[in-house]
**Q** 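Mind having a look at this structure? Questions to follow.
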Amino acid sequence: MSTDQDLLTDGRLTDGLLTHPYAVYDRLRDTAPVHRVTGPDGSPAWLVTRYDDVREALANPLLSLDKRHALPGGYKGFALPPALDANLLNMDPPDHTRIRRLVGRAFTTRRVEQLRAPIRRTADHLLDALGTSGGPHGSTDLIAAYAAPLPITVICDLLGVPDGHRRDFRAWTDVLVAPDPARPQAAKEAVVAMLGFFTQLLAAKRKEPADDLLSDLIAVRDESGSTGNDRAGSDRLSEDELMSLAFLILFAGYENTVQLIGTAVLALLQHPDQLAALRADPSRLPAAVEEFVRYDGPALLAIRRFPREDVTIGDVTVPAGETVLLSLAAANRDPRRFPDADRFDLGRDATGHLALGHGIHYCLGAPLARLETEIALAALLERLPDLKLDGDPGDLRWRPSLRARGLLALPVTY
């Protein structure tokens with residue numbers, strides 16, 4: 001099997017793809033846009049890197065998210081128990097349509113906009129803590145102090161997760177996103193802990209419902225009169241689907257946004273002219289978010305897909321059941337779609353990027369991620385006018401993961 005461009009070595013990701021993915025993707029787009037690679041677990045997969053190919057594949061109904069269409073021995077991603085695995089990232093219509101309709105109303109642009117004031121209060125509270133601990137000037141890790149606690153607070157408030165469990169959930173998520181080869185049991189332990197957490201949380205919400213999304217979803221599940229894990233009707237959830245949905249909302253609602261805030265701040269600090277322009281006209285922030293996600297979005301790859309039958313992608317025929325990995329990051333840096341694509345430019349029209357997906361699997365939480373990023377950056381621009389990187393940018397460490405493109409830490413002074 002080819003391992004052109006040193007993409008992978010012995011089934012494990014090389015530092016090059018993790019720390020300098022765009023240089024690797026640039027070469028692949030030109031030389032092998034649909035490329036046979038070794039997946040993160042050592043199994044075979046096809047990597048797709050050109051914008052047009054990725055966009056078409058994202059909307060192709062022949063490319064299934066359902067693992068039942070995968071060949072034995074192929075890359076399937078997370079290994080989760082059924083109670084957490086029955087989620088939208090593993091489903092095709094009609095189940096995907098039914099569940100997305102049930103929860104989609106909570107993530108419309110209009111509903112999310114109602115969270116603007118609470119999100120800003122959370123951002124200000126976190127920045128207040130920086131001022132209290134460091135006086136008028138100080139230094140901090142902006143990921144740990146701001147980019148991570150902001151989205152976990154927002155999504156936990158939305159779902160109704162008690163304060164005392166939020167730090168645990170962050171730790172479990174970190175383990176799943178970037179497993180430590182030196183601790184092979186850590187991911188399994190995190191899954192067991194999360195399953196126990198959600199089991200207890202659902203029981204508590206059933207006993208004492210509250211004004212939160214999880215209580216609403218439980219009501220949909222229980223009031224339908226469904227028993228066991230059956231799935232029938234347009235307004236019903238099985239118990240596994242309910243728990244899996246809670247897991248996905250909490251997991252994705254935290255993970256994607258923390259990475260996006262971190263990479264957006266880094267891009268601004270590395271491009272002082274763009275930062276100055278945004279400070280001069282903060283009304284450009286909503287449009288700027290589109291360039292942030294295009295330039296260095298939170299996911300290198302879309303969720304893996306499996307052809308229901310042989311499919312042609314570009315000029316390559318991929319056999320049925322093999323694993324297809326669609327590179328959102330490579331597509332968003334494709335100069336055929338975005339001129340001078342490797343340049344960070346808040347003045348460009350970045351609409352049409354694929355960072356949040358395309359088609360029926362477009363990111364459910366996209367409006368919330370956009371709003372949180374906009375507010376997080378607005379608060380930083382207003383309250384920390386002298387924000388700067390602390391140290392050499394070359395020393396920054398990135399998550400050793402294909403699942404989430406993000407910084408382990410972002411040391412800054414202010």
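Along the sequence shown, residues are numbered consecutively beginning with 1.
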**Q** Between M91 and N87, is a side chain to side chain contact (heavy atoms under 4.5 Å, CB included) present by the stated rule, with each step listed?
**A** CA-CA 7 Å; M91 288 182 176; N87 64 63; over 6 Å; no

**Q** Does CG in D211 sit with more than 12 non-hydrogen atoms of other residues, nucleotides or ligands closer than 6.0 Å?
**A** no

**Q** Taking the side chain as every heavy atom from C-beta outward, state whether L201 and P162 have any atom pair closer than 4.5 Å.
**A** yes

**Q** What's the separation between atom OG1 in T199 and atom CG in L84, rounded to the nearest 0.5 Å?
**A** 8.0 Å

**Q** Side chains of L408 and W398: closer than 4.5 Å at any heavy-atom pair?
**A** no

**Q** Kindly say whether V412 contributes a backbone atom to a donor-acceptor pair with the side chain of S139 at under 3.5 angstrom?
**A** no

**Q** If you measure from the Lys or Arg side-chain nitrogens to the Asp or Glu carboxylate oxygens, is any gap between D26 and R29 under 4.0 Å?
**A** yes

**Q** Salt bridge between D340 and R348, side-chain N to carboxylate O under 4.0 Å?
**A** no

**Q** For the atom pair CD1 (I218) and CE (M243), what is the distance rounded to the nearest 0.5 Å?
**A** 9.5 Å

**Q** Less than 4.0 Å between a side-chain N and a carboxylate O, is that true for D342 and R333?
**A** yes

**Q** Do the side chain of Y254 and the main chain of T173 share a donor and acceptor less than 3.5 angstrom apart?
**A** no

**Q** Would you name the heavy atoms of R279 and P385 that are closest together and state the gap between them?
**A** NH2-O, 3.1 Å

**Q** What's the spacing between D390 CG and L410 CG if we round to 0.5 Å?
**A** 10.0 Å

**Q** Quick one: sort the H271 and F344 rings into parallel, tilted or perpendicular, breaks at 30° and 60°.
**A** tilted

**Q** What are the two closest non-hydrogen atoms of I261 and A376, and how far apart are they?
**A** CD1-CB, 3.8 Å

**Q** Enter the distance from T312:OG1 to E56:CD here, rounded to the nearest 0.5 Å.
**A** 9.5 Å

**Q** So, are R370 and E290 salt-bridged, with charged N and O less than 4.0 Å apart?
**A** yes

**Q** Tell me if a side-chain donor or acceptor on D141 pairs with a main-chain N or O of P411 at a distance below 3.5 Å.
**A** no

**Q** Output yes when E241 and R221 qualify as a salt bridge under the 4.0 Å nitrogen-oxygen rule, no when they do not.
**A** no

**Q** Roughly how far apart are L242 CG and L237 CG, rounded to 0.5 Å?
**A** 6.0 Å

**Q** Is the closest basic N to carboxylate O distance between D52 and R55 below 4.0 Å?
**A** no

**Q** Quick one, E372 and V154 - any side-chain contact, counting heavy atoms below 4.5 Å?
**A** yes

**Q** Does the side chain of L389 reach to within under 4.5 Å of the side chain of L266, using non-hydrogen atoms?
**A** yes

**Q** With a 4.0 Å cut-off, would you call R294 and E291 a salt bridge?
**A** yes

**Q** Relative to the ring of Y25, is the ring of Y22 parallel (under 30°), tilted (30 to 60°) or perpendicular (over 60°)?
**A** perpendicular

**Q** If you look at every heavy atom in S327 and L301, which pair is closest and at what distance?
**A** CA-CD2, 3.7 Å

**Q** So which heavy atom on R100 is nearest to which on L88, and how close?
**A** N-CD2, 3.9 Å

**Q** Please evaluate residues Y51 and R336 with respect to the criterion side chain to side chain contact (heavy atoms under 4.5 Å, CB included), reporting the C-alpha separation (whole Å), side-chain torsions for both, the decisive distance (0.1 Å), and the verdict.
**A** CA-CA 8 Å; Y51 179 92; R336 299 165 186 81; over 6 Å; no

**Q** Determine yes or no for a side-chain-to-main-chain donor-acceptor pair under 3.5 angstrom, with T49 supplying the side chain and P33 the backbone.
**A** yes

**Q** About how many Å separate CG of D95 and CG of N90, when rounded to the nearest 0.5 Å?
**A** 11.5 Å

**Q** Taking R68 first and then D66, would you say they form a salt bridge - that is, a charged N and a carboxylate O separated by under 4.0 Å?
**A** yes

**Q** Where is the tightest heavy-atom contact between L356 and Y362, given as atom of each residue plus distance?
**A** O-CD1, 3.4 Å

**Q** Run the side chain to side chain contact (heavy atoms under 4.5 Å, CB included) check on F292 and L268 step by step: do they pass?
**A** CA-CA 9 Å; F292 293 134; L268 288 174; 3.9 Å; yes

**Q** Take a 6.0 Å sphere around CZ of R343 and say whether it holds more than 12 heavy atoms from other residues, nucleotides or ligands.
**A** yes

**Q** Of the non-hydrogen atoms in T263 and D296, which two are nearest, and what is the gap between them?
**A** OG1-O, 3.0 Å

**Q** Say whether T351 and D349, considering side chains only, have a donor N or O and an acceptor N or O under 3.5 Å apart.
**A** yes

**Q** Tell me if a side-chain donor or acceptor on K205 pairs with a main-chain N or O of G160 at a distance below 3.5 Å.
**A** yes

**Q** Do R116 and E113 pass the salt bridge (charged side-chain N to carboxylate O under 4.0 Å, His left out) test, and can you show the C-alpha distance, the side-chain angles, and the key distance before you say yes or no?
**A** CA-CA 5 Å; R116 179 177 290 273; E113 185 63 28; 2.5 Å; yes

**Q** Is it true that a side-chain atom of T108 and a backbone atom of G104 form a donor plus acceptor pair closer than 3.5 Å?
**A** no

**Q** In the structure I gave you, are the side-chain heavy atoms of D157 and R166 within less than 4.5 Å of one another anywhere?
**A** yes

**Q** With a 4.5 Å limit on heavy-atom distance, are the side chains of L380 and L142 in contact?
**A** yes

**Q** Measure up the F247 and F198 rings against each other and bin them: parallel (under 30°), tilted (30 to 60°), perpendicular (over 60°).
**A** perpendicular

**Q** State whether R284 and D345 are salt-bridged, where the test is any N-O pair (Lys NZ or Arg NE/NH1/NH2 against Asp/Glu carboxylate O) under 4.0 Å.
**A** no

**Q** Given D92 and S64, is the side-chain hydrogen bond (donor to acceptor under 3.5 Å, both in side chains) satisfied, shown in steps?
**A** CA-CA 6 Å; D92 302 323; S64 172; 2.4 Å; yes

**Q** Assess whether atom CD of Q274 is packed by more than 12 heavy atoms of other residues, nucleotides or ligands within 6.0 Å.
**A** yes

**Q** Can you tell me if S215 uses its side chain to pair, donor with acceptor, with the backbone of P209 under 3.5 Å?
**A** no

**Q** Take M194 and F169, measure what side chain to side chain contact (heavy atoms under 4.5 Å, CB included) needs, and give me the verdict at the end.
**A** CA-CA 8 Å; M194 292 174 85; F169 190 82; 3.3 Å; yes

**Q** Does the R304 side chain pair with the main chain of L65, one donor and one acceptor, at a distance under 3.5 Å?
**A** yes

**Q** Just by distance, do the side chain of N332 and the backbone of H353 share a donor-acceptor pair under 3.5 Å?
**A** no

**Q** Evaluate the side-chain proximity of T323 to S43: yes if any heavy-atom separation is below 4.5 Å, no if none is.
**A** no

**Q** How about V161 and F197: do any of their side-chain heavy atoms sit closer than 4.5 Å?
**A** yes

